[in-house]
Visitor: 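Below you will find the structure I want to go over with you.
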Amino acid sequence: MQHAPMPALPGRILLTGAAGGLGRVLRPRLRARCDLLRVSDVATLEPAAEGEEVVPCRLEDREAVLALLEGMQAVVHLGGVSTEQPFDAILQANIAGVYNLYEAARRHGVRRIFFASSNHVTGFYRQDEVIDARAPVRPDGHYGISKAFGENLSRFYFDRYGIETVCARIGSSFPEPKDRRMLATWLSYDDLERLVVASLTAPVVGHTIVYGLSDNTTAWWNNTAARHLGWRPQDSSEPFRAAVEARQPRIDHDDPASLYQGGAFVRTGPFE
Ligand code: NAI
Ligand code: 15L
């Protein structure tokens, strides 16, 4: 099926977390659509291609983050700890880090940010509930709490300074769903790209929270309140169902990971 070409992105974009799983997927796709893509991470990055700048940076280093945002028009913020970890690691990368990013955005006049939030902001809802972005947060650990902090911080920076943000509560973005839970939470890489592009090009986004999932048959998240983004996921986990269910034939109903939307995150830790 033919799809309309995606719209042009802002000219100069910063991509944080560019060395990570999703960063490596989005890097060439964003580079192809903007004038300059500045890529950053604390981990080693591939050398700059044409139309790119590589700027290593630790998100907790406030001065370095201030310099990182200079000249940027928009940010795709993927950088940070992406799994449940002891609090101190999350505090630095995800809480101090996202504060540093928004302060730098304010000082440099950046107008729009895509923030990679997570479904773990609401991980303690049950798998037999369907929720939307207006449901009170129920984080399932330090990691989910840090993403809720990022969502609240970005709301403040919109209300006070007018910096627009799309907080994408990404489900599970991998090449394919790995288990039964991911039949509901899977977000294909193409649908992720479509979501980032819609978030950076929709005329008005204000402060929007959207769940990042493909057009899966089984789903726990309703995105009606984010329809103004104009994002329509086009993939589905359904073609993977038979293989996933064959690999994982039994559901353990005594395991909290089978009961709650956050899966195994709800029983990770304590760490001390
Ligand atoms: P990832 O762990 O592969 O990538 C994160 C990147 O951030 C890494 O390259 C890491 O070096 C960098 N980073 C970590 N701490 C840093 C620091 N202090 N300063 C600078 N950079 C730092 O994670 P992935 O899967 O690529 O996810 C990207 C973003 O999307 C993350 O924010 C994650 O929380 C979020 N997300 C991803 C989901 C997924 O299914 N892949 C689901 C929900 C949210
Ligand atoms: C996340 O937030 C993680 O970053 C990712 O690695 C997956 O675990 C995903 O959630 C998930 O819930 O499947």
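In listed order, ligands and their atoms are each counted from 1. Any value given below was found using the heavy atoms of this structure, including those in side chains, with hydrogens, waters and symmetry copies removed.
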Visitor: Specify the protein heavy atom at minimum distance from atom 10 (O) of ligand 2: its residue, its atom name, and the distance to 0.1 Å.
Guide: His120 NE2, 3.1 Å
Visitor: Any N or O on Ile170 sitting closer than 3.5 Å to an N or O of ligand 1?
Guide: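 For ligand 1, there is no N or O atom that lies under 3.5 Å from one belonging to Ile170.
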Visitor: Return the CG to OG distance between Asn216 and Ser188, rounded to the nearest 0.5 Å.
Guide: 9.0 Å
Visitor: Out of Ala18, Ser173, Ser82, who is nearest to atom 1 (P) of ligand 1 when you count heavy atoms only?
Guide: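 Closest candidate by heavy-atom distance is Ser82.
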Visitor: Return yes when Ser117 approaches ligand 1 closer than 4.0 angstrom through a heavy atom, no otherwise.
Guide: yes
Visitor: Would Gly171 count as a contact residue for ligand 2, given that I'm defining contact as a non-hydrogen atom of the residue lying under 4.0 Å from a ligand atom?
Guide: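 Within the 4.0 Å threshold, so yes.
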Visitor: Could you check atom 30 (O) of ligand 1 against the protein and tell me its nearest heavy-atom contact, residue, atom and distance included?
Guide: Ala116 CB, 3.4 Å
Visitor: Closest non-hydrogen protein atom to atom 28 (C) of ligand 1, residue and atom name please, with distance?
Guide: Leu78 O, 3.6 Å
Visitor: Is ligand 2 less than 4.0 angstrom away from at least one heavy atom of Thr185?
Guide: no
Visitor: With a 4.5 Å limit on heavy-atom distance, are the side chains of Met182 and Val244 in contact?
Guide: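 No, too far: nothing below the 4.5 Å cut-off.
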Visitor: Evaluate salt bridge (Lys or Arg N to Asp or Glu O under 4.0 Å) for Arg24 paired with Glu46, printing each intermediate quantity in order.
Guide: CA-CA 9 Å; Arg24 279 179 281 122; Glu46 295 290 322; over 6 Å; no
Visitor: Any idea which part of Ile170 is under 4.0 Å from ligand 2, heavy-atom wise: side chain, backbone, both or neither?
Guide: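 For Ile170, there is no contact with ligand 2 at all, from either part.
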Visitor: Taking the cut-offs as 6.0 angstrom to the six-membered ring centre and 45 degrees off its axis, would you call Lys147 and Tyr143 a cation-pi pair?
Guide: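 No.
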Visitor: Does ligand 1 have any atom that is closer than 4.0 Å to a heavy atom of Ala168?
Guide: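 No.
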Visitor: Please write down residue, atom name and distance for the protein heavy atom closest to atom 11 (O) of ligand 1.
Guide: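 So the nearest neighbour among protein heavy atoms is Asp41 OD1, 2.6 Å.
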Visitor: When rounded to the nearest 0.5 angstrom, what is the spacing between CD in Glu164 and CZ in Arg112?
Guide: 4.5 Å
Visitor: Which of these, Gly80, Ala19, Cys57, Ser172, has its nearest heavy atom closest to atom 5 (C) of ligand 1?
Guide: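 Considering heavy atoms of Gly80, Ala19, Cys57, Ser172, the nearest to atom 5 (C) of ligand 1 sits in Gly80.
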Visitor: Checking contacts here: is it the side chain or the backbone of Phe174 that comes within 4.0 Å of ligand 2, counting heavy atoms only? Could be both or neither.
Guide: side chain
Visitor: With heavy-atom distances below 4.0 Å as the criterion, list the atoms of ligand 2 near Arg181.
Guide: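 Answer for ligand 2: 11 (C), 12 (O), 13 (O).
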Visitor: With side chains defined as the heavy atoms from C-beta onward, is the minimum distance between Arg38 and Ile13 less than 4.5 Å?
Guide: no
Visitor: Which bit of Ser118 is near ligand 2, meaning a heavy atom under 4.0 Å away: side chain, backbone, both or neither?
Guide: side chain
Visitor: Counting both backbone and side chain atoms, is some N or O of Gly20 under 3.5 Å from an N or O of ligand 1?
Guide: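 Yes - when backbone and side-chain N and O of Gly20 are compared with those of ligand 1, one distance drops under 3.5 Å.
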Visitor: Test of understanding: given a 4.0 Å heavy-atom threshold, classify the contact between Arg169 and ligand 1 as side chain, backbone, both, or neither.
Guide: neither
Visitor: Do Tyr211 and Trp220 have ring centres separated by under 6.0 Å?
Guide: no
Visitor: Please state which protein non-hydrogen atom is closest to atom 26 (O) of ligand 1 and give its distance, to 0.1 Å?
Guide: Leu22 N, 2.8 Å
Visitor: I need the single residue from Ile113, Val75, Val110 that forms a side-chain contact (heavy atoms from CB on, under 4.5 Å) with Ile163. Which is it?
Guide: Ile113
Visitor: Could you say whether the N/O atoms of Lys147 and ligand 1 ever approach to under 3.5 Å?
Guide: yes
Visitor: In terms of relative ring orientation, are Trp186 and Phe240 parallel, tilted or perpendicular, with 30° and 60° separating the classes?
Guide: perpendicular
Visitor: Does either side chain, that of His77 or that of Thr16, offer a donor lying less than 3.5 Å from an acceptor on the other one?
Guide: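 Yes, Thr16 and His77 have a side-chain donor paired with an acceptor closer than 3.5 Å.
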Visitor: Does the N or O separation between Thr83 and ligand 2 drop below 3.5 Å for any pair?
Guide: no
Visitor: Give yes if a backbone or side-chain nitrogen or oxygen of Glu60 is under 3.5 Å from a nitrogen or oxygen of ligand 1, and no if not.
Guide: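 There is such a contact, yes.
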Visitor: Please check if the distance between the ring centroids of Tyr260 and Tyr125 is under 6.0 Å.
Guide: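 Between Tyr260 and Tyr125, the centre distance exceeds or equals 6.0 Å.
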Visitor: Take every heavy atom of Lys147, measure it against each atom of ligand 2, and state whether any distance is under 4.0 Å.
Guide: no
Visitor: Which word best sums up how the rings of Tyr157 and Tyr102 line up, parallel for under 30°, tilted for 30 to 60°, or perpendicular for over 60°?
Guide: tilted
Visitor: Using a 3.5 Å cut-off on N or O atoms only, is Ser172 in polar contact with ligand 2?
Guide: yes
